[in-house]
Amino acid sequence: MTKLFSKRLSFQSRLLRGGPECHSHPLVTPLVQSTTFIQEQLNGTNPFAYSRVGNPTVSALEQVLGDLEDTGPAICFSSGLAAETALFLAFTKAGDHVVCGKAVYGGTIRLLQQFLEPLGVTTTFVDATDPTAISAAINERTKLVFLETPANPTLVLSDLRKAALIGHEAGCLVAVDNTFLTSGLQKPLDFGADFSVYSTTKLLDGHSTALGGAIVGRDEKLLDRLRFTRKSIGSIQTPFNAWLTLNGLKTLRIRLTRQCRSAQRVAEWLAERNAIDSVNYPGLESFPQRDLAESQHLGLHGNVISFEVRGGYEAAVRFVKSLQLCRLAEHIGSVESLVTHAASMTHADVPRPQRIAAGISDGLLRLSVGLEPPREIISDLRQALKCARQPDNAVKANVKSESNGQLVAEVGG
């Protein structure tokens, strides 16, 4: 498929075309489960030699992901965190500095604070909803600005255009974790970012079957540095996971549209409940950054909602124990509806004061809306809310103000 022809196609058609055709013309992109490739001659024309460096199935996925953002091929990794690790290792060294939004995935915070900081790379976490806070945090050692918008799990937004301008004026690279929306709903590169970063494990795969990560960009010199880093640390995606993701991608547009519309209905229902203290969803009229959401998102606002049940931690425990349709899991973007308790799951490694400062309270719950009918999701939430209001002697929250990680054990997750 030529680049010119590709530009004429809709997003859905690009998803269905898959990677480059091979000589036998299979409808489904082949799985090339080989570590090694025969070279007909020295300095020959075979672009593949060893699957740690490149693989035909992985390359097919990279072509599709790049094509969705009108770029050259993406770079695929073994997980979303592997992609982030390569990004930071490629563009920072001891003595360098990173500016990062304070509301981001807990694994990103762990990577920066517990892994990179001992290696000499420091990070300032800022309120990324405020461009002036990003600007004020940049210093002469800053090499990278890393944002996640919508943020996990608070769903606050960063102004991508302003952040990119601020970063570039200071000589910094700007990377955006776009996992929650994908390129179907937001294109960070079009707002000036240097990189879109993904956990392909989430919405892009969509079926909870394949770990993976990806980075998309337009500067080939920067991408070459990332490819060299991936080769050096051995973090390429496996061919089988790439193949699964290619097949999952074919229904991304349909899944995403259905899940976003359902999320809108569920968020509106939650916002009207007296038993809910707060609801975070960019599609709500009451969302504080509604105008920014409308200007950055492509019509819909994702399938993830976060909310706090009245009664805090203990009410959250009773709520998740009572769910029957929605599952308790540390994941988003699957075809099933999933609930996560951030403080004890995704952000359990984040110190409590830092977590609270980022807006992640002890009782905050994250809902990834699946493909079930929204009326059935709402029915499950309704009955769980009733249980959350009733003290249950069998549920002993035993909240400790300086500890995390209790909820999963208490609800049997």
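Values below: every heavy atom of this structure, side chains too, minus hydrogens, waters and symmetry copies.
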Validation: residues 182-191 side-chain donor-acceptor distances under 3.5 Å, sequence neighbours left out:
{"from": "T182", "atom 1": "OG1", "to": "G184", "atom 2": "N", "distance (Å)": "3.1"}
{"from": "Q186", "atom 1": "NE2", "to": "T149", "atom 2": "O", "distance (Å)": "3.0"}
{"from": "Q186", "atom 1": "NE2", "to": "N178", "atom 2": "OD1", "distance (Å)": "2.8"}
{"from": "K187", "atom 1": "NZ", "to": "L68", "atom 2": "O", "distance (Å)": "2.7"}
{"from": "K187", "atom 1": "NZ", "to": "S183", "atom 2": "O", "distance (Å)": "3.2"}
{"from": "D190", "atom 1": "OD1", "to": "R218", "atom 2": "NH2", "distance (Å)": "2.9"}

Determine the minimum heavy-atom distance between [X] and [Y], stating which atoms define it.
{"X": "A82", "Y": "S235", "result": "CB-CB, 4.2 Å"}
{"X": "A358", "Y": "T154", "result": "O-CG2, 3.4 Å"}
{"X": "I138", "Y": "A170", "result": "CG2-CB, 3.6 Å"}
{"X": "L204", "Y": "R255", "result": "O-NH2, 3.5 Å"}
{"X": "A342", "Y": "I360", "result": "CB-CG2, 3.7 Å"}
{"X": "T229", "Y": "L89", "result": "CG2-CB, 4.3 Å"}

Residue among T123, T124, V145 satisfying side chain to side chain contact (heavy atoms under 4.5 Å, CB included) with V98: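 Single pass found, and it is T123.
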Partner of L249 under side chain to side chain contact (heavy atoms under 4.5 Å, CB included), chosen from L203, L65, L16: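 Result: among L203, L65, L16, L65 is the only option passing the side chain to side chain contact (heavy atoms under 4.5 Å, CB included) with L249.
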In sequence, state the C-alpha distance, the side-chain angles, and the governing distance for D70 and R14, and then conclude on salt bridge (Lys or Arg N to Asp or Glu O under 4.0 Å). CA-CA 11 Å; D70 296 312; R14 297 188 199 193; 2.9 Å; yes
Any ring pair (Phe, Tyr, Trp, His ring centres under 6.0 Å) pairs touching residues 216-259, not counting sequence neighbours?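 Output for this query is empty, none listed.
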What I want to find out is whether [X] reaches [Y] closely enough, with some N-O distance under 4.0 Å, to be called a salt bridge.
{"X": "E372", "Y": "R327", "answer": "no"}
{"X": "R227", "Y": "D224", "answer": "yes"}
{"X": "E285", "Y": "R290", "answer": "yes"}
{"X": "K143", "Y": "D96", "answer": "yes"}
{"X": "R366", "Y": "E330", "answer": "no"}

N/O donor-acceptor pair under 3.5 Å between [X] side chain and [Y] backbone:
{"X": "R52", "Y": "I236", "value": "no"}
{"X": "T251", "Y": "I254", "value": "no"}
{"X": "T200", "Y": "A214", "value": "no"}
{"X": "S79", "Y": "G213", "value": "no"}
{"X": "Q296", "Y": "L160", "value": "yes"}
{"X": "Q289", "Y": "L157", "value": "yes"}
{"X": "R230", "Y": "C76", "value": "yes"}
{"X": "T129", "Y": "S158", "value": "no"}
{"X": "D127", "Y": "G101", "value": "no"}
{"X": "E308", "Y": "Y313", "value": "no"}

Is there a side-chain contact (heavy atoms from CB on, under 4.5 Å) between I332 and L338? Walk through the geometry before answering. CA-CA 7 Å; I332 67 106; L338 305 173; over 6 Å; no
Of all residues at least two apart in sequence or in a different chain, which pass the ring pair (Phe, Tyr, Trp, His ring centres under 6.0 Å) check with F48?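 Ring pair (Phe, Tyr, Trp, His ring centres under 6.0 Å) check on F48 returns F37.
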Taking ring pair (Phe, Tyr, Trp, His ring centres under 6.0 Å) as the test, write out the residues that go with F180, two or more places apart. none
Please determine, by modelled atom types, if [X] and [Y] share a side-chain donor-acceptor pair under 3.5 angstrom.
{"X": "Q113", "Y": "Q354", "answer": "yes"}
{"X": "S208", "Y": "S334", "answer": "yes"}
{"X": "E148", "Y": "T108", "answer": "no"}
{"X": "H331", "Y": "T340", "answer": "no"}
{"X": "T142", "Y": "H97", "answer": "yes"}
{"X": "H168", "Y": "D194", "answer": "yes"}
{"X": "S196", "Y": "E69", "answer": "yes"}
{"X": "N303", "Y": "S368", "answer": "yes"}
{"X": "T245", "Y": "N241", "answer": "no"}

Mind checking whether [X] and [Y] have side chains closer than 4.5 Å, heavy atoms only?
{"X": "F11", "Y": "R253", "value": "yes"}
{"X": "V279", "Y": "L284", "value": "yes"}
{"X": "V369", "Y": "I377", "value": "yes"}
{"X": "N247", "Y": "V28", "value": "yes"}
{"X": "L371", "Y": "Q259", "value": "yes"}
{"X": "S78", "Y": "L211", "value": "no"}

Heavy-atom count check: over 12 atoms from other residues, nucleotides or ligands less than 6.0 Å from Y50 OH?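 Atom OH in Y50 is not crowded, with 12 or fewer foreign heavy atoms closer than 6.0 Å.
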Centroid separation [X] to [Y] less than 6.0 Å:
{"X": "F319", "Y": "F307", "answer": "yes"}
{"X": "F146", "Y": "F88", "answer": "yes"}
{"X": "H301", "Y": "F287", "answer": "no"}

Let me confirm one number: the CG-OG distance from D380 to S322, rounded to the nearest 0.5 Å.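 Answer rounded to 0.5 Å: 9.0 Å.
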Working note: D205 + T209, criterion side chain to side chain donor-acceptor pair (under 3.5 Å); need CA distance, chi angles, decisive distance, verdict. CA-CA 7 Å; D205 166 61; T209 58; 3.2 Å; yes
Considering only residues two or more places apart or on different chains, which pairs with a residue in residues 101-115 satisfy salt bridge (charged side-chain N to carboxylate O under 4.0 Å, His left out)?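 Listed by first then second residue: R110-D349.
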Within residues 269-282 or reaching into it, pairs that qualify as side chain to side chain donor-acceptor pair (under 3.5 Å) - sequence neighbours excluded: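 Residue pairs with at least one partner in residues 269-282: D277-R310, N280-S306.
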Given S135 and T132, is the side chain to side chain donor-acceptor pair (under 3.5 Å) satisfied, shown in steps? CA-CA 5 Å; S135 179; T132 61; over 6 Å; no
